[in-house]
Protein chains: 2
Amino acid sequence: MVQRNPEMLRGTVELLILTTLRGGPRHGFGIARWLEQTSDDELQLEEGSLYPALHRMERRGWLESEWGISDNNRKVKLYRLTSRGRARLQSETEGWAAFAAAIGKVLRAAEAV
Amino acid sequence: MVQRNPEMLRGTVELLILTTLRGGPRHGFGIARWLEQTSDDELQLEEGSLYPALHRMERRGWLESEWGISDNNRKVKLYRLTSRGRARLQSETEGWAAFAAAIGKVLRAAEAV
DNA sequence: TATCTATGCATACGTTGTCTAAGTATAGAC
DNA sequence: GTCTATACTTAGACAACGTATGCATAGATA
C-alpha cells in the first residue's frame, strides 16, 4: 500500500481486505480496485503486499478461495470470508476504532497546549 | 507499542513522539508516560521501540537532545523539536488525517452493503 | 547498611509485513 | 501478430517493532 508514510499501513491491510470481502466474494485484483476507488485513490494496495496477505489470511483460516471466471472472462481466484474471518473482521474493526480514538485523543491533547 | 494488533502502530510512533514534543522538551520515559496517560492506556510505547525511534529521529534532524536533570533529580536526555521536526509533524499529522479518513470511507462503504 | 522499587537509557536479535521487481499467462482490441 | 490491461505468484531487500537483557541510580524501607 502506497502513500505518504507506507509504514502506516502495517496491520491495516488485513482489516481492509476483510472489510472488502464483507460484501461478498471477490478476487485479489478486484479487492485492490475496490479499495482504491472507495478510498478515492488514497489507499493503493501493491500486488506484492496484496497476494501474500491473501495467502497468509487463508492459511490462518480467515479466508477461503476457489478458482472461477470473472465477468470479463478471466481466470480468477475468488476469496470469501470464513466464520473465523468474520470474527476477525469484528475484532479488527473494534481494534481500529480504539486505536484511531486513542490517536485522536493524543492529537487533541497536544493541540490544547 | 502494544495493543490488540501490535502491527497497527507501525509508522505512527513518530507522529506520536513529534506530537508529544509539541508542548515542549521531554525525555524518553516522560514521552512514553504522557502518551500512555493521554490515551487512557490504549497506547503503550515499549522501550525497545521508543529509544531507537528517538535516535532515528535525531539522526534525521527532527529532534535535538541534551542531557539534563529531571524534577525527581535523575539524569535524563531531553528531546526537543527542531524546525524540521515541526515541519515533519505538520505533514505527518496531515498524512494521518488523510489515512484515517480513507479507512473511514472504506469501513462505511462496506457497512452500507 | 542493605535491599527493593521505580525511573531512565541503551541495544542486539528475531519476527514480521511491505515494497520492488521479475516472471508467467491470457482475453480482447487493433 | 502485437499491444494493453487484467490476473496471479514469489524471491529478496528493507525497515520497524517487540522481547529481552544489561546498566545505572534516587529514594524509601527495613
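Here is how names work: the chains are called A, B, and so on, in the same order as the sequence lines, proteins then strands, and each is numbered from 1.
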Ranking A:Asn73 and A:Ala53 by the position along DNA chain C of their nearest nucleotide, the one closer to 5' is A:Ala53
In whole angstrom, give the distance that lies between atom CZ of A:Arg59 and atom C1' of C:dT16. 12 Å
Interatomic distance where CG belongs to B:Leu15 and P belongs to D:dC17 [whole Å]: 12 Å
Regarding B:Arg60, tell me which of base, sugar-phosphate or nothing describes its non-hydrogen contacts under 4.0 Å with the strands shown. sugar-phosphate
Can you check the A:Glu46 CD to D:dA13 C1' distance for me, whole Å? 16 Å
Kindly indicate, with the supporting measurements, whether the criterion side chain to side chain contact (heavy atoms under 4.5 Å, CB included) is fulfilled by B:Glu36 and B:Gln44. CA-CA 6 Å; B:Glu36 222 170 293; B:Gln44 274 162 8; 3.8 Å; yes
Along nucleotides 6-11 of chain C, 5' to 3', which nucleotides get a B, which get an S, and which get a -, given that the test is a protein heavy-atom distance under 4.0 Å? BBBBBB
Rounded to whole Å, the CG-P distance (B:Leu35 to D:dC17) equals 13 Å
N/O (side chain, A:Arg56) to phosphate O (OP1/OP2, C:dT15) under 4.0 Å: no
For A:Gln90, all residues meeting side chain to side chain contact (heavy atoms under 4.5 Å, CB included), sequence neighbours excluded: A:Glu94
Can you name the residues that form a side chain to side chain contact (heavy atoms under 4.5 Å, CB included) with A:Arg60, not counting sequence neighbours? A:Glu14, A:Arg56, A:Trp62
If you measure only the distance, is there a donor-acceptor pair under 3.5 Å linking the side chains of B:Thr82 and B:Glu64? no
Take atom CD1 of A:Ile31 and atom C1' of D:dT6, then tell me their distance rounded to the nearest Å. 15 Å
Listed partners of A:Arg80 passing side chain to side chain donor-acceptor pair (under 3.5 Å), at least two apart: A:Glu66
Atom CD of A:Gln44 and atom C1' of C:dT18 are separated, to the nearest Å, by 15 Å
Taking side chain to side chain contact (heavy atoms under 4.5 Å, CB included) as the test, write out the residues that go with B:Leu54, two or more places apart. B:Ile17, B:Ile31, B:Leu50, B:Tyr51, B:Leu63, B:Tyr79
Atom CG of A:Leu54 and atom P of D:dT10 are separated, to the nearest Å, by 12 Å
List, by chain and number, the other hydrophobic cluster members for B:Trp67, where Ile, Leu, Val, Met, Phe, Trp and Tyr join if side-chain heavy atoms come within less than 4.5 Å, directly or indirectly. none
What is the distance, to the nearest angstrom, from the CE atom on B:Met57 to the P atom on D:dC17? 10 Å
